[in-house]
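By convention in this document, chain letters (A, B, ...) are assigned in the order of the sequence lines, proteins followed by strands, and residues within each chain are numbered from 1. None of these values were measured; they are calculated from a predicted model.
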Protein chains: 2
Amino acid sequence: MAKISALEGPMSFSVETLREAGLRPTRQRISLAKLLFDGVDRHVTAEALHAEAQAAGIRVSLATIYNTLHQFTEVGLLRQVVVDGARTYFDTNIDDHHHFYFEDEGDLVDIPGDSIVVSGLPNVPAGTTQSRVEVVVRVKGRRRS
Amino acid sequence: MAKISALEGPMSFSVETLREAGLRPTRQRISLAKLLFDGVDRHVTAEALHAEAQAAGIRVSLATIYNTLHQFTEVGLLRQVVVDGARTYFDTNIDDHHHFYFEDEGDLVDIPGDSIVVSGLPNVPAGTTQSRVEVVVRVKGRRRS
DNA sequence: TCAATTATTTAGAACGGTTCTAAGGTGAAA
DNA sequence: TTTCACCTTAGAACCGTTCTAAATAATTGA
Ligand SMILES: [Mn+2]
Ligand SMILES: [Mn+2]
Ligand SMILES: [Zn+2]
Ligand SMILES: [Zn+2]
């Protein structure tokens with residue numbers, strides 16, 4: 001139960017979520033989960049989340065940011081998106097969906113999964129199982145203001 | 001003109017290709033181009049190509065491998081494929097196509113572009129231009145034999 | 001309540017793929 | 001052949017990420 005905050009927007013995270021995932025609700029995990037899940041869906045890098053935590057006055061090391069992002073991913077609260085070899089993005093939207101990637105800005109924007117149809121996919125080879133179909137639309141240029 | 005070899009398979013590369021691209025046909029570039037383009041299409045990493053060159057008795061530094069892969073990409077002889085944050089793949093198939101990615105093996109396999117239809121894509125924002133639509137089918141498990 | 005146990009956090013070192021630097025080598029033009 | 005811009009290279013640097021091991025915090029259960 002235990003609402004984390006009674007004041008800030010849509011309540012999409014509770015301490016129970018962590019317990020059910022087998023993760024102790026530490027100060028760091030609770031704070032980061034609030035940043036990540038109390039609001040609209042987002043795509044973050046480790047360094048960006050670290051900077052955001054600092055700015056919010058949350059004392060947490062970069063190592064813990066990495067640990068937490070990976071643990072949240074393991075338990076299905078986040079997913080990784082690979083669009084750039086230089087950094088890893090983590091996505092709070094775990095529904096089936098796809099992405100625009102704005103190469104000049106390093107920015108991801110969701111494309112709802114049901115707005116795209118991918119047809120004609122070959123079957124996967126014997127002995128293997130398909131885990132996901134990912135569509136990335138790479139975009140160049142700057143969006144207007 | 002100048003065929004590179006009269007003996008080894010389909011001739012898909014000539015020194016003229018380099019010259020037309022504004023690249024001097026050096027010993028290293030010619031050798032690497034032969035490895036890359038004289039044969040079926042492939043997906044290579046820098047380190048894998050370096051190992052292959054060594055094994056073939058081609059003396060070339062890793063720095064030159066990176067330089068060459070990037071130069072070939074700039075002039076459109078290769079394209080990059082991003083499927084794994086840990087390493088960069090270069091693809092000799094520059095036609096519009098998509099990929100299976102075998103996560104357990106780190107292996108890419110082509111899906112012909114015309115065998116997949118992606119429909120329902122939203123328009124890109126004003127001020128930007130779509131550069132490519134990439135479909136990656138992630139696959140787990142080992143292929144038989 | 002409060003040790004005992006176990007999980008978590010952390011600073012800093014290490015890692016690994018990639019890029020950079022600057023010095024020597026090479027291809028092409030004339 | 002000379003000249004010069006281009007190219008190659010060893011090794012250092014870079015940088016996002018992972019590892020290590022010691023300190024700290026959450027949980028358990030007497
Ligand atoms: Mn959500
Ligand atoms: Mn080809
Ligand atoms: Zn997303
Ligand atoms: Zn390919």
- For the side chain of Gln28(A), counting heavy atoms from C-beta on, which of dA25(D), dT17(D), dT10(C) is nearest?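 My answer, after comparing the listed nucleotides, is dT10(C).
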- Where the side chain of Thr64(B) is defined as all heavy atoms beyond and including C-beta, which of dT18(C), dT17(D), dT9(D) is the nearest nucleotide?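 Looking only at heavy atoms from C-beta outward on Thr64(B), the closest nucleotide is dT9(D).
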Please check the phosphate of [N] (OP1 and OP2 only) for any side-chain N or O of [X] closer than 4.0 Å.
{"X": "Thr26(A)", "N": "dT9(C)", "answer": "yes"}
{"X": "Arg29(B)", "N": "dT8(D)", "answer": "yes"}
{"X": "Arg19(B)", "N": "dA28(C)", "answer": "yes"}

- Message: Over all strands shown, is Thr45(A) touching base, sugar-phosphate only, or nothing at heavy-atom distances under 4.0 angstrom?
- Response: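 Contact class for Thr45(A): none.
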- Message: Using a heavy-atom cut-off of 4.0 Å across all strands, would you classify His50(B) as base, sugar-phosphate, or nothing?
- Response: nothing
- Message: Could you tell me if the side chain of Val135(B) sits less than 4.5 Å from the side chain of Ile111(B), heavy atoms only?
- Response: no
- Query: Between Leu35(B) and Glu52(B), is any pair of side-chain heavy atoms under 4.5 Å apart?
  - Reply: yes
Spacing of [X] atom [atom1] relative to [N] atom [atom2], expressed in whole Å:
{"X": "Leu23(A)", "N": "dT27(D)", "atom1": "CG", "atom2": "P", "result": "11 Å"}
{"X": "Phe90(B)", "N": "dT18(C)", "atom1": "CZ", "atom2": "P", "result": "7 Å"}
{"X": "Arg24(B)", "N": "dC6(D)", "atom1": "CZ", "atom2": "C1'", "result": "4 Å"}

- Scan side-chain atoms only and decide if His43(B) and Asn93(B) contain a donor-acceptor pair under the 3.5 Å cut-off.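 No pair is found: no donor N or O on one side chain lies under 3.5 Å from an acceptor on the other.
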- Walking DNA chain C from its 5' end, the first of Ile65(A) and Leu62(B) to be reached, judged by nearest nucleotide, is Ile65(A)
- Message: Go nucleotide by nucleotide along DNA chain C from the 5' end; which of Pro25(B) and Ala46(B) gets its closest nucleotide reached first?
- Response: Ala46(B)
- Any donor-acceptor N/O pair, Asp110(A) side chain to Pro112(A) backbone, under 3.5 Å: no
